[in-house]
Student: 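Encoded as structure tokens, here's the structure I'll be asking about.
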Amino acid sequence: MPHEPDPPPAKRFKPGSPFFRLDKKPGMLLPRAGHAAAGVEAQRRHLPIYQSRTQVISQLRQLHSAVFIGETGSGKTTQIPQYLYEAGIGRQGIIAITQPRRVAAISLAGRVAEEKKVQLGKLVGYTVRFEDVTSPETKLKFMTDGMLLREAIGDPLLLRYTVVILDEAHERTVHTDVLFGVVKAAQRRRLEQNKIPLKVVVMSATMDVDLFSQYFNKSPVLYLEGRQHPIQIYYTKQPQSDYLQAALVSIFQIHQEAPSSHDILVFLTGQEEIEALARTCRDISKHLPDTSGSMTVVPLYASLPPAQQMRVFLPAPKGSRKVILSTNIAETSITISGIKYVIDTGMVKAKRFNPDSGLEVLAVQRVSKAQAWQRAGRAGREDAGSCYRLYTEDEFENLANMTVPEIQRCNLASVVLQLLALGVPDVLNFDFVSKPSPESMRTAVEQLCILGAVDRKDDHVSLTPLGKKMACFPLEPRFSKTLLISPDFSCTEEILTIISLLSVDSVLYNPPARRDEVISVRKKFISSEGDHITLLNIYRAFKKVSGNKDWCRENFVNSRNMGLVGEVRAQLRDICIKMNLKLESSVCDLANVRRCLAHGLFMSAAELQPDGSYVALDTHQPVSIHPSSVLFQARPVCVLFNELLHTSRCYMRDLCLIQTDWLHEAAPEYFRRKLRAIKS
DNA sequence: CTCTCCCT
């Protein structure tokens, strides 16, 4: 290398402030409770929240809406629902507690059922997609936020519920954000109609809850202290130009100095980076003197097969240090015990949405302060820990306070369709906590118009009969549309399979280290008609061996995701049957299947240009075939794509070969307008 | 010449 290497950043660490939040708002300040004893009841009494039980109950009795700030370990999520129930608040109906993630809903319900000494599914239950463990006796119901939203379509006033607790509100998922508006409207309308009132409780782990409080008519904010152990924060003295190099140096500095039982968790941005750093760490640790002890490097990201993901929970061999290299999956979704050190690169890969181009951009960007605190917190779950931030304190101060809510970063077609199905009178002016831009709302309405899901007269938007049917499917509008027109092409069974495959994470597992093997084993499934048909072939082969796990391993198929495909397919098929859709199969005529796809997905099409490049027909922007596509080497004249993703270039992912004239027969008016737009 | 993460 021509340049002198950067001096190791870890040498320049200086101690920062320990992890104490001094900006506590007035409210209920609780002393730290002693250590939890055995016995479920005793453990409940030892939670920090227990000592303010009476206050919490009396507040909740009086208030229509309340906002809680609860630190990690405060016990808010398991205790507040029980306090409400035990105090007889909202006994006429059900207390719903929403979670952004399925596993959280399931495990919390299990925990509370244990505490109440009842069988799960009786008094305490949960509802997530594909699983409803509730009964008529259920009064405390943990559910995913998406599930409550689905239920709201049939019951916009949420009349089954007397209390809705929106937990993890700081994460600002689209579902939670839409629910804010739904529960607020339900609360108001129930009051107007003299129905049983709806209590709303918002729970957040971060301090900046003014927005929530303002939104719910300035409802009071109550503070609950947690049981987070102190975390020493370190910053670098100088900004780092290469966060990977900085991470590497920090890992080995800790490795040289700390006892081998102290595990390290490193936050990185993606699979490729993680696998590369894993390789480097293993190489270096092999060449260290024996005195420094060995190192067990474990990669962690979502597309890893389940068996490999489980490795993060296994203790390292005696005398070896566990180093986990993870994406933001370890920020919230997966909790690993024994982490003493967190190394935060300060970077994350995240999606942004450009409403003008309709383009989603996946880019490496800086985390928010809230995210940085979340990452640091992963070091203090059982004991005091340390967090090494690979950026300066100034850089930290310049980070955004909160991550931009997802609703301002995604395509809103589904959201708008859902709101219309809920009977929201004026969608364009829906009362969001954080408004998405008017352009992205307009883009969504326009997309739904083109699909025939909505009618627009001046500023009034309404659902068409087709749109009403589309909203019944838990799918993106373009997919429900494709499914609904599939009987015209006598291929509903094939479309069900393809859409299920496209709406879960990829069923293909591509370990970079075994690339040649993957290519040779996948050959037998590949179709010159594109990725959709290739996926269909894989699904059919999977069915033929009845989902055999060994077959999956040999063929680099992710069996968990493939299992999910089966569940999604069964659910969609049930909805089709309820709608009296004719379920026919077009086993051999796959051209017919592709023609059906063209009729539903015509908005995502691209055409080959004379110079060999591609242009998206909707936005006219230059696009390229993603190298993972089976059509990467081919030069198809006209294709559909499942997704546009802007990374190093603007890539089309999952392509399907089609004929250009199918597009014109599918949406003549739309393409006539597009042509006029090109000419002018 | 390559894919953050959830969810109905």
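Chain A is the first sequence line, chain B the second, and so forth, proteins listed ahead of strands; every chain is numbered from 1. Predicted model, so just to flag it, every value in this text is computed and none were measured.
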Student: Out of B:dC5, B:dT8, B:dT4, which nucleotide sits closest to the side chain of A:Arg150?
Tutor: B:dT8
Student: Counting just side-chain N and O atoms, does A:Tyr651 come under 4.0 Å of either OP1 or OP2 of B:dT2?
Tutor: yes
Student: Rounded to the nearest angstrom, tell me the gap between atom CD in A:Gln571 and atom C1' in B:dT8.
Tutor: 7 Å
Student: Tell me the interatomic distance from A:Asn561, atom CG, to B:dC3, atom P, rounded to whole angstroms.
Tutor: 18 Å
Student: Rounded to whole Å, please give me the gap between CZ in A:Phe641 and P in B:dC3.
Tutor: 16 Å
Student: Do the rings of A:Tyr651 and A:His626 sit parallel, tilted or perpendicular, given the 30° and 60° boundaries?
Tutor: perpendicular
Student: Check every strand shown and say whether A:Asp145 touches a base, only sugar-phosphate, or nothing at a heavy-atom separation below 4.0 Å.
Tutor: nothing
Student: Starting from P on B:dC7, measure out to CD1 on A:Ile407 and report it in whole angstrom.
Tutor: 18 Å
Student: Give one of base, sugar-phosphate or nothing for A:Phe473, where a contact means two heavy atoms less than 4.0 Å apart.
Tutor: nothing
Student: I want to verify a distance call: between B:dT8, B:dC3, B:dT2, whose nearest atom is closest to the A:Met147 side chain?
Tutor: B:dT8
Student: When you measure from the side-chain N and O atoms of A:Ser624 to the phosphate of B:dC1, is any distance below 4.0 Å, counting only OP1 and OP2?
Tutor: no
Student: Hey, does A:Arg101 reach any base, or is it just sugar-phosphate, or nothing, if we go heavy atoms under 4.0 Å?
Tutor: sugar-phosphate
Student: Is there a side-chain contact between A:Lys141 and A:Ile97, using heavy atoms and a 4.5 Å cut-off?
Tutor: no
Student: Hey, does A:Ser333 reach any base, or is it just sugar-phosphate, or nothing, if we go heavy atoms under 4.0 Å?
Tutor: sugar-phosphate
Student: If you check the A:Ser628 side chain, which of B:dT2, B:dT8, B:dC5 turns out closest?
Tutor: B:dT2
Student: Please tell me if A:Arg102 has a side-chain N or O lying less than 4.0 Å from either OP1 or OP2 of B:dT8.
Tutor: yes
Student: Using the side chain to side chain contact (heavy atoms under 4.5 Å, CB included) rule, pick out the option among A:Val364, A:Leu390, A:Val367 that qualifies with A:Thr345.
Tutor: A:Leu390
Student: Using a 4.0 Å heavy-atom cut-off, does A:Arg172 contact any base of the nucleic acid, only the sugar-phosphate backbone, or nothing at all?
Tutor: nothing
Student: With nearest nucleotide decided by heavy atoms, which residue, A:Lys351 or A:Thr127, maps closer to the 5′ end of DNA chain B?
Tutor: A:Lys351
Student: When you measure from the side chain of A:Thr647, which nucleotide among B:dT8, B:dC1, B:dC3 comes out closest?
Tutor: B:dC3
Student: For A:Glu275 and B:dC3, give me the distance from atom CD to atom P, rounded to whole Å.
Tutor: 15 Å
Student: At under 4.0 Å, does any side-chain N or O of A:Thr327 touch on OP1 or OP2 of B:dC5?
Tutor: yes
Student: Would you indicate, yes or no, if B:dT8 has its OP1 or OP2 atom less than 4.0 angstrom from a side-chain nitrogen or oxygen of A:Ser414?
Tutor: no
Student: Without hydrogens or angle criteria, can the side chains of A:Thr173 and A:Glu171 be said to hold a donor-acceptor pair below 3.5 Å?
Tutor: no
Student: Look at all strands and tell whether A:Ile329 reaches a base, only sugar-phosphate, or nothing, counting heavy atoms closer than 4.0 Å.
Tutor: sugar-phosphate
Student: Taking the nucleotide of DNA chain B with the closest heavy atom to each, which residue, A:Ala350 or A:Glu476, is nearer the 5' end?
Tutor: A:Ala350
Student: Under the side chain to side chain contact (heavy atoms under 4.5 Å, CB included) test, which residues partner A:Gln609, sequence neighbours left out?
Tutor: A:Glu607, A:Asp611, A:Ser613, A:Val615
Student: What is the distance, to the nearest angstrom, from the CD atom on A:Gln365 to the P atom on B:dC5?
Tutor: 14 Å
Student: Touch check for A:Ser506, heavy atoms < 4.0 angstrom, all strands: base, sugar-phosphate only, or nothing?
Tutor: nothing
Student: Fit a plane to each ring of A:Phe180 and A:Phe212, take the angle between them on a 0 to 90° scale, and name the class: parallel (under 30°), tilted (30 to 60°) or perpendicular (over 60°).
Tutor: parallel
Student: From the options B:dC5, B:dC1, B:dC7, select the nucleotide whose nearest atom is closest to the side chain of A:Thr144.
Tutor: B:dC7
Student: Listed by chain and number, what are the side chain to side chain contact (heavy atoms under 4.5 Å, CB included) partners of A:Pro622, not counting sequence neighbours?
Tutor: none
Student: Using atom CZ of A:Arg409 as one end and atom C1' of B:dC6 as the other, report the distance to the nearest whole Å.
Tutor: 11 Å
Student: Given atom CG of A:Leu268 and atom C1' of B:dT4, what is their separation to the nearest angstrom?
Tutor: 12 Å
Student: Among B:dC6, B:dT2, B:dT8, find the nucleotide with the atom closest to the side chain of A:Ala302.
Tutor: B:dC6
